[in-house]
There are 2 protein chains.
Amino acid sequence: MADKDALSMHDDALAGRRASAGPHVGSPMGSGAGVTLTDVAREAGVGESTASRVLRSHGSFSSKTRASVLEAAARLGYVPNRIAGTLASTGSKLVGIIVPSLANIVFPDLLRGANSVLGKAGFQSVIGVTDYDLDGEEGLISSLLSWRPTGLLVAGLEHTPRADAMLRGAGIRIVEMLDTDGVGIDMVVGFSNREAGRVSARHLLGRGYRRIGYVGHDLALDLRAAKRFEGFRAVLAEAGLQVAAEAIGAAPSSIEAGRDGLARLLAQCPDLDAVYFSNDDMAIGGYFLCLARGIGIPGQLALFGHNGLDVARCAPQPLSTIRTPRVEVGETSARLVSSDGPPAVITLDFELIEGATT
Amino acid sequence: MADKDALSMHDDALAGRRASAGPHVGSPMGSGAGVTLTDVAREAGVGESTASRVLRSHGSFSSKTRASVLEAAARLGYVPNRIAGTLASTGSKLVGIIVPSLANIVFPDLLRGANSVLGKAGFQSVIGVTDYDLDGEEGLISSLLSWRPTGLLVAGLEHTPRADAMLRGAGIRIVEMLDTDGVGIDMVVGFSNREAGRVSARHLLGRGYRRIGYVGHDLALDLRAAKRFEGFRAVLAEAGLQVAAEAIGAAPSSIEAGRDGLARLLAQCPDLDAVYFSNDDMAIGGYFLCLARGIGIPGQLALFGHNGLDVARCAPQPLSTIRTPRVEVGETSARLVSSDGPPAVITLDFELIEGATT
DNA sequence: CGGTATTTTGGCAGCGCTACCATTTTCCAT
DNA sequence: ATGGAAAATGGTAGCGCTGCCAAAATACCG
């Protein structure tokens with residue numbers, strides 16, 4: 001860290017990374033806030049546009065000029081004003097990301113994938129959290145749009161009519177993530193939750209389980225979990241079966257909700273031989289309940305989750321579940337958001353993990 | 001068919017959303033993108049500044065004017081351009097948040113707290129992830145600063161000299177989070193990790209454990225974990241003891257790393273009576289190992305973590321740990337970032353949770 | 001009803017930067 | 001040298017909005 005130019009605009013594409021001009025750091029007084037391009041240009045004895053070109057490594061300039069501009073910028077502690085830059089140019093180098101929650105690791109995973117790719121491409125992520133509220137999402141969309149982002153990544157395909165209209169009319173790339181069961185606005189990156197539910201059901205049926213229960217969280221809010229459950233029941237129905245009992249909590253998914261949900265389910269219907277959970281958090285809760293009560297897994301009761309979290313993979317008995325490519329969805333979405341191809345739907349594969357709980 | 005309810009309700013919701021993709025909303029052509037305040041003003045038959053005042057509910061205007069401006073804006077699908085607004089005014093309504101990682105739920109928790117408070121106050125969060133790299137942090141700081149945020153929230157007190165200089169010189173509110181063991185730049189919100197380590201050690205000693213091991217992750221990167229360990233060892237030293245053995249992995253913390261770390265630790269030193277983990281993820285990994293191997297907890301081996309995660313609280317034997325106020329730190333930081341008081345250090349309490357593993 | 005408060009309103013100058021264009025300088029081949 | 005192409009450079013018009021100020025409309029008072 002000893003030797004980058006103070007300018008350090010972070011975009012590595014910029015020239016000047018190796019200029020190593022400044023003898024020291026810290027600007028003379030106050031700081032770089034307030035130092036404008038005009039100041040730098042004057043200090044370097046060049047025109048404004050020349051300074052701008054150098055700082056952005058865009059266009060041509062002599063290496064002499066380059067050096068003096070960089071030196072002046074470093075000495076003054078110049079920090080470019082991207083707000084002004086964005087207004088003057090076109091693309092904003094901002095990408096909005098909207099997720100329903102940050103409490104479930106699934107979404108931070110998504111963010112992580114997206115942010116890492118975006119960062120490398122010189123974009124900044126602006127986030128919005130809807131708390132699973134579509135009206136809240138509508139507000140966030142309008143709010144994010146006002147920053148004139150290059151594109152918007154949104155979890156889910158369902159939106160209010162107004163949100164839908166805003167997204168369509170925004171004139172920017174929209175990527176809807178994590179769900180391919182439906183019609184997208186522009187780009188869609190994800191997997192089929194319905195199919196995941198189907199695969200889960202087939203797995204349980206294939207293992208011979210017949211008295212199957214379901215433990216889930218609020219389905220009116222988590223539309224993707226609802227689609228999984230739908231696919232799950234469809235397969236059961238094809239086999240002439242149905243879910244023997246279900247416990248659906250009103251709270252968001254959590255380990256505790258899974259534990260309590262399974263307790264209620266068993267109270268209501270003690271002779272189940274397998275339980276499908278809305279996701280791994282819930283399933284781990286169920287698993288903990290079984291451990292606590294000495295319920296044999298999978299002999300007495302089989303457990304199946306969804307997502308493929310670390311905690312599920314590392315449990316004494318690895319949880320049978322479906323690993324979803326959350327980080328990859330984020331990465332792919334980020335890659336697409338600045339592309340200019342035609343609208344597309346990208347379906348990524350999920351993976352059935354045959355753990356030790358089925 | 002008894003279970004049809006949940007789904008049908010869900011189906012309706014989906015159908016409704018999809019069906020009513022609005023007849024209007026959004027301008028005749030293209031869309032709201034491109035519609036400027038000037039357009040709205042012209043359409044409403046008022047001056048630009050009047051339209052601006054109405055749309056911001058700032059200043060005075062007749063209710064008649066208000067109605068026509070609002071109507072025009074709605075009809076044209078006007079979306080204000082905050083970039084231009086920010087450039088023209090002063091405050092940016094953007095707040096930068098820098099965290100080392102998104103893979104550990106601790107930081108999403110922090111983000112969640114901060115973002116929820118910020119959102120309510122009309123701010124947008126712009127995030128940066130350093131991957132525990134201080135040089136990366138430096139780049140992110142400079143990058144975020146270029147968006148002229150109202151303030152910056154940063155996890156941790158340690159920065160490169162250059163980053164430190166940039167933060168001091170930025171002329172905006174800086175809040176350093178999650179650590180009060182050191183000197184801050186402006187505001188600090190967090191708790192003492194060193195003290196948390198001390199409290200943890202005292203707890204173990206108080207329960208009579210004497211042969212204590214440590215399982216941690218890369219301490220050169222996670223400075224806060226290092227401070228905890230330091231406090232922990234200090235108390236042991238005061239009691240004339242020292243850590244009997246330690247296993248420190250090079251990878252970031254994870255359940256798997258905790259499991260493997262404990263395995264190595266036990267291989268190397270089988271007669272421990274307690275283990276202190278760098279955090280709950282690691283501790284849960286250790287717990288799982290004990291379950292798998294049939295190691296009695298806490299009889300044979302006691303486990304102690306840090307953070308107070310859900311998974312630790314809900315385990316069959318709740319983990320003994322320290323609950324840290326992560327969300328609160330985020331909330332408090334967000335509240336402070338737009339304040340104008342003098343610099344301050346706010347120390348929040350952590351809580352010792354006497355679980356069943358010690 | 002005149003005259004002074006008060007409320008509304010519109011014009012316009014930037015905010016800091018980039019894009020475009022015109023100009024100047026440098027570089028070559030002749 | 002000498003014209004012409006290429007490289008460098010500087011001037012300047014906005015980008016869309018807000019803040020300031022003066023002008024216009026309305027309200028109020030005796």
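Proteins get letters first, then strands, A, B, ... in listed order; numbering begins at 1 in each.
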I'd like to know whether B/Ser52 forms a side-chain contact (heavy atoms from CB on, under 4.5 Å) with B/Leu37, so could you lay out the CA-CA distance, the side-chain angles of the two residues, the decisive distance to 0.1 Å, and finally the verdict.
CA-CA 7 Å; B/Ser52 172; B/Leu37 184 61; 3.7 Å; yes

Separation of B/Phe61 atom CZ from D/dT18 atom C1', in whole Å?
15 Å

Phosphate OP1/OP2 of D/dC17: any B/Ser52 side-chain N/O under 4.0 Å:
no

Separation of D/dA8 C1' from A/His58 NE2 (nearest whole Å)
15 Å

Taking for each residue the nucleotide of DNA chain D bearing the nearest heavy atom, is the 5' side occupied by B/Gly85 or by B/Arg53?
B/Gly85

What's B/Thr65 touching, base or sugar-phosphate or nothing? Going by heavy atoms closer than 4.0 Å.
sugar-phosphate

What is the distance, rounded to the nearest whole Å, between atom CG of B/Asp39 and atom P of D/dG16?
9 Å

Please report, rounded to the nearest Å, how far the C1' atom of C/dC20 is from the CD atom of A/Glu48.
14 Å

Are the side chains of A/Val79 and A/Val35 in touch, meaning some heavy atoms are under 4.5 Å apart?
no

Tell me the interatomic distance from B/Trp147, atom CH2, to C/dC17, atom C1', rounded to whole angstroms.
12 Å

How many Å lie between CZ on A/Arg148 and P on C/dT18, as a whole number?
19 Å

Looking only at side-chain N and O atoms, does A/Glu331 offer a donor or acceptor that is under 3.5 Å from a partner on A/Ser116?
no

Look at atom CZ of B/Arg66 and say whether more than 12 heavy atoms of other residues, nucleotides or ligands are closer to it than 6.0 Å.
no

Strictly by modelled atom types, are B/Glu137 and B/His159 linked by a side-chain donor-acceptor pair under 3.5 Å?
yes

Could you check whether A/Ser89 gets within reach of a base, just the sugar-phosphate, or nothing at all, counting any heavy atom under 4.0 Å?
sugar-phosphate

Of B/Gly47 and A/Leu87, whose nearest nucleotide on DNA chain C comes first from the 5' end?
B/Gly47

Please determine if a side-chain N or O atom of B/Ser60 lies less than 4.0 Å away from the OP1 or OP2 oxygen of C/dT7.
no

Could you check B/Ile83 against B/Arg56 and say which one's nearest nucleotide on DNA chain D is further toward the 5' end?
B/Ile83

What's the CZ-P distance between A/Arg42 and D/dG11, to the nearest Å?
13 Å

For A/Ser62, which contact category applies under a 4.0 Å heavy-atom criterion: base, sugar-phosphate, or nothing?
sugar-phosphate

Using atom CG of A/Leu37 as one end and atom P of C/dG16 as the other, report the distance to the nearest whole Å.
11 Å

If you check the A/Val46 side chain, which of D/dG10, C/dT18, C/dG10 turns out closest?
D/dG10

Is the phosphate of D/dT18 approached by B/Ser49 (side-chain N or O, under 4.0 Å from OP1 or OP2)?
no

